[in-house]
Amino acid sequence: MKKKVIVAIDGPSSSGKSTIAKLVAKHFNFTYVDSGSIYRAITYIAIKNNLIKTGDIDVVSLIDLLNNCSISFSFNSDNQNIIKLDGVSVENEIRTFEISNNVSLIAEKNEIRKYVLKIQKDISNNKSVVMDGRDIGSVVFPNADFKFFLDASIDVRASRRWNELKSIEKDLKFKEVKKDLLKRDKKDVNRKYSPLIRSKDSILINSNELEISEVVDIIIDIIETEIKIK
Ligand code: DC
């Protein structure tokens with residue numbers, strides 16, 4: 001096998017990317033990188049420091065804070081990333097509805113995307129990785145060895161997200177989750193910098209009718225077949 005392999009998995013929110021990417025990474029013993037967690041950690045910092053007001057962000061102050069803190073990853077025994085802020089895990093803190101609701105504001109800023117791009121490149125240096133996100137195949141790794149674009153209908157995605165969130169946020173309604181997803185889809189697709197687009201050379205997989213394990217098997221088969229041919 002080639003020394004370093006990059007697998008890019010893009011798609012809209014709750015299309016199953018992270019669950020699938022983790023399992024694919026585990027199969028090949030590659031490092032899994034959840035790039036959305038970086039945008040979420042930055043949103044957490046922005047909220048904690050009161051830098052999001054009336055729907056806008058104080059980007060200058062936020063970049064200043066980012067230059068004075070460290071966002072890093074550690075990897076567990078399954079090679080999955082645990083995101084840390086100044087050395088402390090914020091994995092749980094970044095998964096709340098409040099963070100989900102504000103993260104698009106952060107992700108649309110070019111200064112922030114440049115900051116995140118550096119982290120994404122650094123983390124993938126000399127390692128085979130499976131990275132999921134919105135712009136991995138289009139902007140972060142345009143020359144990725146494998147590019148997949150995962151999709152599913154809004155109702156399927158909203159019910160997946162609701163099922164994930166309702167154990168920690170008991171009062172959350174399905175329609176609120178669906179509304180938030182629609183809002184995020186719109187922002188992800190229409191933003192000026194690195195919008196969510198399906199690169200022409202990516203393989204589209206719609207998971208409406210597929211179990212997670214079936215999507216994982218499809219991706220593993222494609223990678224294994226290609227690696228054998230090379
Ligand atoms: O995958 P997620 O829902 O955890 O991502 C959180 C947000 O970060 C999402 O609203 C879009 C943004 N994001 C992005 O713009 N680019 C990426 N590569 C990954 C995530």
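Indexing begins at 1, ligand by ligand and atom by atom, following the structure's order.
For the 3.5 Å distance criterion, the side chains of Asn101 and Lys183 qualify, holding a donor opposite an acceptor.
Around ligand 1 you find Ser35, Gly36, Tyr39, Arg40, Val103, Ala107, Arg113, Gly133, Arg134, Asp135, Ile136, Arg161, Arg184, Asp188, Arg191, each with a heavy-atom distance below 4.0 Å.
The salt bridge (charged side-chain N to carboxylate O under 4.0 Å, His left out) analysis of residues 27-53, with sequence neighbours excluded, yields the pairs Asp34-Arg95. Residue pairs that meet the salt bridge (charged side-chain N to carboxylate O under 4.0 Å, His left out) test with at least one member in residues 118-127, sequence neighbours left out, are Lys118-Asp122.
For the atom pair OG of Ser100 and CD of Glu169, the computed distance is 8.0 Å after rounding to the nearest 0.5 Å.
Its side chain outside the 4.5 Å cluster rule for every partner, Val88 clusters with none of the Ile, Leu, Val, Met, Phe, Trp and Tyr residues.
Contact check for Phe28 versus Val5: no side-chain heavy atoms found under the 4.5 Å cut-off.
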